[in-house]
Amino acid sequence: MHWSSAWVKHHFTAGLKTTQLSESFNAFLRHFLQPDHSLVIFFNHFNIMVQRMRDNHTELDFKAANTRAKNNYPNSQLMRSVVNKYTPTCFAFIHRQYDFSFKYFYEEVTPQVSAFDKVFKVFTIVHVDEPEEVDGVNYDDACNDGPSNRDVLDEEVAENLSPNFEKHDRLDERLVTIDIRAKRISCTCRMFENRGFLCRHIFKILEFLGGSVQYHGLKTIPAEYVLKRWCRDVRQSVKSTINVATEGATQAQRYQQICAVTVNLCTRVCADPEASQIFLNGVLEAGRKAEELLNSKGIHTVQSSVTPPKSSSVTPSKSCNTTAVSEASDAQKSTGPKFKKRPNPIRSKKRLKSDYELARQHQKFLIHRKRKQRGAEDLKGKESAD
């Protein structure tokens with residue numbers, strides 16, 4: 001608990017524990033899957049689970065894109081530079097680190113390699129509680145209208161504040177190294193390397209250097225210290241990097257990419273008839289050029305049943321209707337084998353009976369058989385007596 005985290009602070013973990021992600025995913029799986037599911041039911045429930053996860057991600061993206069994070073420091077250029085870049089949850093964590101920076105003091109180390117390389121000691125003389133982990137919780141009151149942590153200096157610190165800190169016990173002392181020319185910053189706490197966020201010690205030095213005219217380049221957080229995984233538009237940038245013409249992709253991957261692009265375009269252009277006609281003509285022209293390229297390379301594929309309209313006056317709705325009619329007629333003319341629909345064995349299976357129910361059923365069967373035998377014996381006795 002006290003020393004094991006020091007071995008992994010140089011590796012990126014995003015603040016997650018060892019089994020935290022797997023345990024949460026297993027709990028999510030139990031809501032959809034059961035051990036006695038058949039293979040067909042398993043895949044049906046699995047598709048429902050994947051769709052639910054995608055819906056949850058879409059909802060979170062919508063909230064992040066339409067939610068404005070609360071910034072309690074509008075005069076700080078550091079906070080203004082990232083308030084619209086980070087998601088509200090991530091900005092709340094950054095906001096809390098900036099709050100804690102007001103409880104710290106700095107002291108420049110005298111030996112310097114050059115004028116552009118500076119080393120600072122950052123420390124505090126009071127105990128500072130650590131913020132919560134980066135796991136989606138609400139970090140204090142940074143995202144709502146609650147009170148801020150800017151009232152940072154306690155009465156004890158304000159009374160004992162003096163230029164000489166020798167009589168105070170230094171707590172959480174860290175060493176911050178900064179290269180002003182290359183805008184490289186590092187801290188011995190390794191929060192950026194481990195969680196992907198700048199720590200309170202770096203914020204203290206950036207706020208100090210940003211106030212000087214000669215270090216005006218450090219008034220904002222450098223772009224290389226704002227990871228894309230914490231930004232609002234990370235999913236949009238991932239979706240925009242689709243490249244269909246990748247040589248290493250398989251035929252199935254190219255088919256999936258082309259379908260994804262065309263479906264998105266069809267969804268947009270179908271709202272207007274003229275746009276739909278332009279899109280349809282462009283698709284047919286592109287298909288003709290692709291067919292010529294395939295024929296020149298000697299690649300033979302199955303010909304598509306989609307044909308261009310006879311005249312340009314045909315509207316997209318009419319072409320869709322004619323395509324549907326032709327597909328229906330083709331389905332009627334098909335002479336393929338017809339298989340009998342098989343009932344689902346899971347639904348037709350009876351409930352499993354307990355041992356007590358089976359014993360009672362066997363006992364009733366024996367009693368019924370004895371009564372039947374007695375009836376047969378009585379009938380034979382009466383016949384012999386007659």
Side-chain angles (χ1 to χ4, degrees), residues 1-18 76 78-79 81-82 86 90-135 139 149 152-153 157 161 163-212 215 217-227 229-230:
M1 182 188 302
H2 297 286
W3 55 264
S4 60
S5 60
W7 294 93
V8 296
K9 68 179 183 178
H10 294 82
H11 303 278
F12 181 76
T13 61
L16 296 175
K17 300 300 182 181
T18 305
S76 174
L78 285 174
M79 292 291 101
S81 62
V82 295
Y86 283 114
C90 297
F91 180 76
F93 185 85
I94 290 290
H95 196 283
R96 190 173 176 86
Q97 292 292 325
Y98 189 77
D99 286 337
F100 285 141
S101 66
F102 288 96
K103 286 186 177 182
Y104 284 75
F105 307 95
Y106 62 90
E107 188 176 74
E108 187 173 358
V109 180
T110 51
Q112 296 181 4
V113 181
S114 64
F116 297 100
D117 296 332
K118 292 182 177 295
V119 181
F120 295 88
K121 287 183 179 179
V122 182
F123 57 91
T124 183
I125 57 178
V126 293
H127 179 71
V128 180
D129 295 331
E130 289 290 334
E132 297 292 336
E133 298 290 341
V134 185
D135 55 358
Y139 300 106
N149 287 327
V152 290
L153 293 179
V157 181
L161 187 60
N164 186 12
F165 299 102
E166 297 297 333
K167 62 179 181 181
H168 299 287
D169 294 333
R170 296 189 178 187
L171 304 175
D172 191 21
E173 185 174 355
R174 306 291 180 176
L175 208 63
V176 177
T177 306
I178 180 169
D179 185 357
I180 300 175
R181 179 180 297 176
K183 294 184 179 181
R184 294 178 182 176
I185 313 168
S186 64
C187 181
T188 54
C189 71
R190 302 297 179 186
M191 176 177 283
F192 179 78
E193 289 80 358
N194 183 255
R195 299 187 183 184
F197 296 97
L198 293 181
C199 62
R200 63 196 77 171
H201 316 100
I202 294 178
F203 276 126
K204 186 66 180 179
I205 302 305
L206 288 179
E207 190 67 30
F208 161 66
L209 295 177
S212 303
Y215 306 127
L218 298 175
K219 290 185 178 180
T220 60
I221 297 178
E224 57 267 23
Y225 293 100
V226 181
L227 299 184
R229 65 182 301 138
W230 309 128

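The figures here come from the full heavy-atom set of this structure, side chains too, leaving out hydrogens, waters and symmetry mates.
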Inset, instruction - From the options L175, V109, I202, L209, select the one residue that forms a side chain to side chain contact (heavy atoms under 4.5 Å, CB included) with F120. - result: L209
Inset, instruction - Give the minimum heavy-atom separation between F12 and G196, together with the two atoms involved. - result: CE1-N, 3.7 Å
Inset, instruction - For H201 and M191, run side chain to side chain contact (heavy atoms under 4.5 Å, CB included): C-alpha distance rounded to whole Å, both residues' side-chain angles, the deciding distance at 0.1 Å, then the answer. - result: CA-CA 10 Å; H201 316 100; M191 176 177 283; over 6 Å; no
Inset, instruction - Kindly give the heavy-atom pair with the smallest separation between V226 and Y86, and that separation in Å. - result: CA-OH, 3.7 Å
Legend entry - Separation between NZ of K118 and CD1 of I185, rounded to the nearest 0.5 Å: 14.0 Å
Legend entry - Aromatic ring proximity W230/F197, centre distance under 6.0 Å: yes
Inset, instruction - Begin from the C-alpha positions of F100 and T124 and carry the test side chain to side chain contact (heavy atoms under 4.5 Å, CB included) through to its verdict. - result: CA-CA 10 Å; F100 285 141; T124 183; over 6 Å; no
Legend entry - CZ-NZ distance between R200 and K103, expressed to the nearest 0.5 angstrom: 9.0 Å
Legend entry - Heavy-atom pair with the smallest gap, counting every atom of L198 and F203: O-CE1, 3.7 Å
Legend entry - Pair R174 + D172, salt bridge at N-O below 4.0 Å: yes
Inset, instruction - Verify, without hydrogens or angle tests, whether N194 (side chain) and H11 (backbone) share a donor-acceptor contact under 3.5 angstrom. - result: yes
Inset, instruction - Check I94 against M79 and note the closest heavy-atom contact, atom names and distance. - result: CG2-CE, 3.8 Å
Legend entry - Heavy-atom donor-acceptor pair, Q97 side chain to C199 backbone, under 3.5 Å: no
Legend entry - Spatial distance of atom NZ (K183) from atom CG (L206) [nearest 0.5 Å]: 10.5 Å
Inset, instruction - Show your working on side chain to side chain contact (heavy atoms under 4.5 Å, CB included) between E193 and K9 and close with a plain yes or no. - result: CA-CA 7 Å; E193 289 80 358; K9 68 179 183 178; over 6 Å; no
Legend entry - Those residues that, when tested against S76, pass side-chain hydrogen bond (donor to acceptor under 3.5 Å, both in side chains) (two or more places apart): Y98
Inset, instruction - Using the side chain to side chain contact (heavy atoms under 4.5 Å, CB included) rule, take F123 and K204 through it: C-alpha gap first, then chi angles, then the decisive distance, then the call. - result: CA-CA 10 Å; F123 57 91; K204 186 66 180 179; over 6 Å; no
Inset, instruction - Identify the two heavy atoms, one from F91 and one from V82, that lie closest to each other, and give their separation to 0.1 Å. - result: CD1-O, 3.9 Å
Inset, instruction - State the CZ-CD1 distance between R184 and I178, to the nearest 0.5 angstrom. - result: 12.5 Å
Inset, instruction - To the nearest 0.5 Å, tell me how far T177 OG1 sits from I205 CD1. - result: 10.0 Å
